[in-house]
Amino acid sequence: AEALNVAKCGLSLLGDDDMVTIISDRVKPGSAFPSSQGRRFRLNDSVVWPKVLRTKQELVVHIDELTTAQTQAEYAYLRQNHGTAMAIVPVLLRHKVIGFLELYDDQPGRRFSRENVSLLDSIALQAANAIQNGQLFEQAQASQAFMKSIIDEIPDPIFIKDREHKWVVVNRAFSNILFDGLPEEELIGRSDYDFSPKEEADWFWEQDEKTLASGEIQETEEQHTNP
């Protein structure tokens with residue numbers, strides 16, 4: 001809020017259930033505006049969110065332009081906290097509104113200019129990209145967890161190595177059968193050289209290289225010496 005020279009700056013997400021969750025709400029010290037971070041509101045309880053959702057356009061309100069009849073939701077909120085201006089910008093992802101960036105100010109005579117709104121549009125775009133990256137990260141984590149739960153049910157040892165021949169995924173059987181139940185976290189990021197005699201580890205390395213070079217399935221029978 002202070003960086004944007006406003007009294008309050010909030011970022012919210014719109015859910016499929018038409019509930020709006022305030023995920024970030026920063027209030028400048030000394031401002032009368034309260035923080036709403038973590039709170040959830042019904043979309044239609046707002047007078048401005050549905051308009052922004054429908055038009056996908058910014059909405060700017062200045063207190064001296066409101067009539068006495070405009071007492072709904074945000075208008076009342078603006079008056080109650082001695083606000084002078086507010087701006088609501090849609091957070092768009094693939095042309096769909098996924099949230100709102102909201103600014104409130106209490107400086108006398110405050111006006112949000114076209115340049116101010118353009119800056120807010122840029123911030124909203126960055127927010128959308130950050131939200132998308134977070135969602136993709138969560139999806140990737142969920143996918144990895146699902147894969148791990150499946151391979152853990154397979155009774156045969158299964159592992160995945162990276163290009164440096166280090167284990168990045170192992171199943172429960174791999175740990176239990178080959179390493180006497182050694183915790184998986186003590187195997188991840190390590191290689192055959194950490195547990196096997198050099199000659200044996202050299203042979204494993206050679207087989208790995210054949211697979212990586214050809215990109216094809218290699219069938220081998222391995223003799224593994226327990227550490």
Side-chain angles (χ1 to χ4, degrees), residues 10-26 36-40 90-101 122-227:
L11 177 64
S12 59
L13 287 182
L14 174 61
D16 293 334
D17 56 356
D18 282 346
M19 294 294 292
V20 178
T21 303
I22 312 299
I23 63 172
S24 178
D25 201 18
R26 297 291 182 265
S36 300
Q37 185 160 327
R39 295 188 62 188
R40 302 182 77 229
V91 178
L92 294 165
L93 185 60
R94 301 189 191 93
H95 307 292
K96 178 183 178 182
V97 177
I98 63 170
F100 306 96
L101 177 65
S122 177
I123 295 173
L125 176 61
Q126 294 176 39
N129 290 333
I131 291 168
Q132 180 185 34
N133 290 338
Q135 290 173 339
L136 291 175
F137 177 71
E138 289 177 358
Q139 290 170 5
Q141 284 190 315
S143 177
Q144 291 174 0
F146 179 65
M147 180 191 71
K148 183 66 167 62
S149 68
I150 291 175
I151 66 172
D152 270 343
E153 297 303 316
I154 298 174
D156 298 316
I158 293 177
F159 62 87
I160 299 175
K161 290 181 178 178
D162 61 16
R163 193 61 184 82
E164 297 179 349
H165 301 252
K166 295 179 180 179
W167 296 302
V168 294
V169 176
V170 300
N171 73 341
R172 193 177 296 118
F174 182 85
S175 172
N176 290 339
I177 296 174
L178 300 182
F179 293 93
D180 296 327
L182 188 69
E184 294 176 21
E185 56 268 23
E186 295 187 27
L187 294 169
I188 300 301
R190 303 177 74 178
S191 74
D192 294 296
Y193 285 99
D194 294 309
F195 298 98
S196 302
K198 184 179 182 305
E199 296 77 10
E200 191 173 279
D202 285 343
W203 188 86
F204 292 148
W205 182 285
E206 181 182 345
Q207 302 309 309
D208 292 344
E209 282 296 315
K210 288 180 181 178
T211 301
L212 291 169
S214 67
E216 299 177 353
I217 296 174
Q218 303 287 328
E219 293 188 15
T220 59
E221 183 176 342
E222 299 183 359
Q223 298 294 325
H224 193 282
T225 301
N226 286 333

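Just the heavy atoms: all of them, side chains too, but no hydrogens, waters or symmetry mates, feed the values below.
Between atom CG of residue D162 and atom CH2 of residue W167 there is a gap of 11.5 Å, rounded to the nearest 0.5 Å. The structure places CD of E153 at 6.0 Å from CZ of R172, a figure rounded to the nearest 0.5 Å. Atoms OG1 and CZ, from T21 and R40 in turn, are 4.0 Å apart once rounded to the nearest 0.5 Å. Distance check, rounded to the nearest 0.5 Å: CG of D192 to CG of D208 gives 6.5 Å. Atom NZ of K96 sits about 9.0 Å away from atom CG of L93, to the nearest 0.5 Å. Atoms CD1 and CD1, from I131 and I98 in turn, are 4.0 Å apart once rounded to the nearest 0.5 Å.
Remark: the backbone N or O of A173 is not paired with any side-chain donor or acceptor of D156 at under 3.5 angstrom.
Across L92 and A128, no two heavy atoms sit closer than the pair O-CB, 3.3 Å. Nearest approach of I154 to I158, heavy atoms of both residues: CD1-CD1, 3.5 Å. The nearest pair of heavy atoms linking L178 to P157 is CD1-CB, 4.2 Å. For A124 against V91, the heavy-atom pair with the smallest separation is O-CG1, 3.7 Å. Nearest heavy atoms, G10 versus D25: CA-OD1, 3.5 Å. The two residues P90 and V97 have their closest heavy-atom pair at CB-CG2, 4.2 Å.
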Just distance, no hydrogens or angles: give the donor-acceptor pairs under 3.5 Å from side chains in residues 182-191, sequence neighbours left out.
residue: E184; atom: OE1; partner: K148; partner atom: NZ; Å: 2.9
residue: E184; atom: OE2; partner: K148; partner atom: NZ; Å: 3.3
residue: R190; atom: NH1; partner: E186; partner atom: O; Å: 3.3
residue: S191; atom: OG; partner: Y193; partner atom: N; Å: 3.3

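The side-chain contact (heavy atoms from CB on, under 4.5 Å) with I160 is formed by just one residue from the set V169, N171, I151, V170; it is V169. With F159 as reference, F174 is the one residue of F174, F204, F179 to meet the ring-ring contact (aromatic ring centres under 6.0 Å, His included) rule.
Listed by chain and residue number, K166 satisfy the salt bridge (Lys or Arg N to Asp or Glu O under 4.0 Å) test with E164 (two or more places apart in sequence, or in another chain).
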